[in-house]
Asker: 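Just dropping this structure here.
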Amino acid sequence: MVKFKEHKTYFSLVELLVVIVLVSILFGIALAPFQRMISGNNVNSVAKNIGSLLGIARQKSVAARNYVALIMPATAGGNINERYHYGCARIAFVDSNYNFESWIDDSSWYRLPTGVKIMEVDGDIGINQTGVLGAYSKQPADNATTLINGVDFSEIFNGPISVDNVRSIVFSSTGKCKGSAVYATIGTAAYKNSYWIIKNAQIIRNEASQIVNESSADQITLHVNRFTGAITYKMPINY
């Protein structure tokens, strides 16, 4: 019987370290595109969900013959917990003067995933570019938004609290979009300690020590047709 001599291969510590470094570099290169893909998927998902809620709000307004709003609070004067700032939505009955009446019976708070915010709800489309490719220099700001007074946030606070000036998109009893807000822009961002944290090419903070104006390149704007209530989805390239 022929016996073969067993050969064992050994690696030096240096060789193992080189392999680990190379794997780490490759992982780092692959991670950024993967994170951007996940972020983009979240923005798309939230845009579709907000679009569905707007459609439901319009249907409820026609069925109930009542004004109905999709309420999407910003900071609400600092009265609501920061984790809800720009990051939740709910359908409610309101009156023709935009005063809160009650939440829709089968509605609940829709919470956005971490890293995505409803950055604007107002009368202008999107968070616009400067005209320079890839340069998004407009900081999120609600312009000509529709505000609801007396909104009940007791479910969030586990106690009675009424908040005024909460941004919304409102439908009348005929299904028409009322008020000044017909756009809602969803983008990759965070909001913390009264400052926007925008994910663009990198994380940029708008702080007193470092004032910058950066808006999210990863954004989708929903447009509600004022007369028909039809919802269209627009990317920055369409602005």
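Residues take their numbers from the sequence shown, with the count starting at 1.
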Asker: Say whether, by atom type as modelled, one donor and one acceptor occur between the side chain of Ser162 and the main chain of Asp152 under 3.5 angstrom.
Answerer: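 Judged by distance alone, no pair lies under 3.5 Å.
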Asker: Under 3.5 Å, is there a donor-acceptor pair between the side chain of Thr145 and the main chain of Ala181?
Answerer: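 Looks like no, no N/O pair under 3.5 Å.
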Asker: Short question: side chain of Arg167, backbone of Met72 - any donor-acceptor pair under 3.5 Å?
Answerer: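 Yes, because the side chain of Arg167 sits within donor-acceptor range (under 3.5 Å) of the backbone of Met72.
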Asker: Using atom types as modelled and distance alone, determine if a side-chain donor or acceptor of Tyr86 lies under 3.5 Å from a backbone N or O of Ala189.
Answerer: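 No.
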Asker: Using side-chain heavy atoms (C-beta onward) and a distance below 4.5 Å, is Val46 in contact with Ile220?
Answerer: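 Not touching, per the 4.5 Å side-chain cut-off.
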Asker: Give, for atom NZ of Lys48 and atom CG of Leu53, the distance between the pair rounded to the nearest 0.5 Å.
Answerer: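 So the gap between those two atoms works out to 14.5 Å.
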Asker: Could you tell me which non-hydrogen atom of Gln219 sits nearest to which non-hydrogen atom of Thr185, and how far apart they are?
Answerer: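 Minimum heavy-atom separation between Gln219 and Thr185: OE1-CG2, 3.7 Å.
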Asker: Ignoring hydrogens, what is the shortest heavy-atom contact between Ala64 and Phe93? Give both atom names and the distance.
Answerer: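 Shortest heavy-atom contact: CB-CE2, 3.7 Å.
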Asker: For the residue pair Ile50 and Ala89, what are the closest heavy atoms and their distance?
Answerer: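 Of all heavy-atom pairs spanning Ile50 and Ala89, the closest is CD1-CB, 4.1 Å.
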Asker: Quick one: pull up NZ in Lys117 and OH in Tyr191 and give me the separation to the nearest 0.5 Å.
Answerer: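 Spacing of NZ (Lys117) from OH (Tyr191) equals 10.0 Å.
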Asker: Counting N and O atoms only, with roles assigned by atom type, does the side chain of Thr75 sit under 3.5 Å from a partner on the main chain of His85, one being a donor and the other an acceptor?
Answerer: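 Here the side-chain-to-backbone pair does not exist.
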Asker: Quick check against the 3.5 Å criterion: does Ser180 have a side-chain atom that pairs as donor or acceptor with the backbone of Ala144?
Answerer: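 Yes, the answer is positive, given that a donor and an acceptor are paired below the 3.5 Å cut-off.
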Asker: Test of understanding: with side-chain hydrogen bond (donor to acceptor under 3.5 Å, both in side chains), list the residues that count as partners of Asn49, not counting sequence neighbours.
Answerer: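 In terms of side-chain hydrogen bond (donor to acceptor under 3.5 Å, both in side chains), with neighbours along the sequence ignored, Asn49 is linked to Tyr110.
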Asker: Return the CG to OG1 distance between Asn42 and Thr114, rounded to the nearest 0.5 Å.
Answerer: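 Output value for this atom pair is 9.0 Å.
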Asker: Determine whether Phe171 and Leu70 satisfy the following criterion, side chain to side chain contact (heavy atoms under 4.5 Å, CB included), listing intermediate values before the conclusion.
Answerer: CA-CA 9 Å; Phe171 297 94; Leu70 179 62; 5.7 Å; no
Asker: Which atom names give the shortest non-hydrogen contact between Ser154 and Ile161, and what distance separates them?
Answerer: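 It is N-CG2, 3.8 Å.
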Asker: Do any N or O atoms from the side chain of Arg58 and from the backbone of Thr228 form a donor-acceptor pair under 3.5 angstrom?
Answerer: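 Side chain of Arg58 to backbone of Thr228: a pair is present.
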Asker: To the nearest 0.5 angstrom, please state how far the NZ atom of Lys178 sits from the OG atom of Ser168.
Answerer: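 Reported value, rounded in 0.5 Å steps: 15.5 Å.
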Asker: Report the relative orientation of the aromatic rings in His223 and Tyr183; use parallel for angles under 30°, tilted for 30 to 60°, perpendicular for over 60°.
Answerer: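 Correct class here is parallel.
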Asker: Considering non-hydrogen atoms only, spot the tightest contact between Ile169 and Ala184 and give its length.
Answerer: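 Smallest heavy-atom distance, with atoms named: CD1-CB, 4.3 Å.
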Asker: Treating Ile, Leu, Val, Met, Phe, Trp and Tyr as nodes and any side-chain heavy-atom pair under 4.5 angstrom as an edge, say whether Val224 and Val62 lie in one connected cluster.
Answerer: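 They do not share one cluster, since no chain of ILVMFWY contacts under 4.5 Å joins Val224 to Val62.
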Asker: Between the main-chain N or O of Gly187 and the side-chain N or O of Asp218, is there a donor-acceptor pair closer than 3.5 Å?
Answerer: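 It does not hold such a pair.
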Asker: Give me the ring orientation class for Phe153 and Trp109: parallel if the planes are under 30° apart, tilted from 30 to 60°, perpendicular past 60°.
Answerer: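 Plane angle under 30°, so parallel.
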Asker: Hey, is the main chain of Ala141 close enough, under 3.5 Å, to the side chain of Asn143 for a donor-acceptor pair?
Answerer: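 Yes, because the side chain of Asn143 sits within donor-acceptor range (under 3.5 Å) of the backbone of Ala141.
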Asker: Identify the heavy atoms of Ser172 and Ser61 that sit nearest to each other, and give their distance.
Answerer: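 Nearest heavy atoms, Ser172 then Ser61: O-OG, 3.0 Å.
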Asker: How far does CD1 of Ile104 sit from CD1 of Ile56, to the nearest 0.5 angstrom?
Answerer: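 Result: 10.5 Å between the selected atoms.
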Asker: For the pair Asp164 and Leu147, evaluate side chain to side chain contact (heavy atoms under 4.5 Å, CB included) and give the outcome as yes or no after the intermediate values.
Answerer: CA-CA 8 Å; Asp164 291 336; Leu147 301 175; over 6 Å; no
Asker: Without swapping roles, check the side chain of Asn66 against the backbone of Val94 for a donor-acceptor pair under 3.5 Å.
Answerer: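 It does hold such a pair.
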Asker: Could you give me the CA-CA distance, side-chain angles and deciding distance for Glu120 and Ile127, then say whether side chain to side chain contact (heavy atoms under 4.5 Å, CB included) is met?
Answerer: CA-CA 8 Å; Glu120 290 189 10; Ile127 305 169; 3.5 Å; yes
Asker: So Asp105 and Lys60, salt bridge (Lys or Arg N to Asp or Glu O under 4.0 Å) or not? Walk me through it.
Answerer: CA-CA 11 Å; Asp105 289 341; Lys60 293 284 187 182; over 6 Å; no
Asker: CG/Asn99 to CG/Asn97 distance, rounded to the nearest 0.5 angstrom?
Answerer: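 Here the interatomic distance stands at 6.0 Å.
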Asker: Just to verify, which of Leu222, Thr221, Asn44 counts as forming a side-chain contact (heavy atoms from CB on, under 4.5 Å) with Tyr233?
Answerer: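 Running side-chain contact (heavy atoms from CB on, under 4.5 Å) over Leu222, Thr221, Asn44 with Tyr233 returns exactly one hit, Leu222.
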Asker: Run the side chain to side chain contact (heavy atoms under 4.5 Å, CB included) test on Phe100 and Val166 for me, step by step, so that the C-alpha distance in whole Å, both residues' side-chain angles and the decisive distance to 0.1 Å come before the verdict.
Answerer: CA-CA 10 Å; Phe100 178 86; Val166 183; over 6 Å; no
Asker: Please enumerate all residues that pass side-chain contact (heavy atoms from CB on, under 4.5 Å) together with Gln59, with sequence neighbours excluded.
Answerer: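 So Gln59 forms no side-chain contact (heavy atoms from CB on, under 4.5 Å) with any residue.
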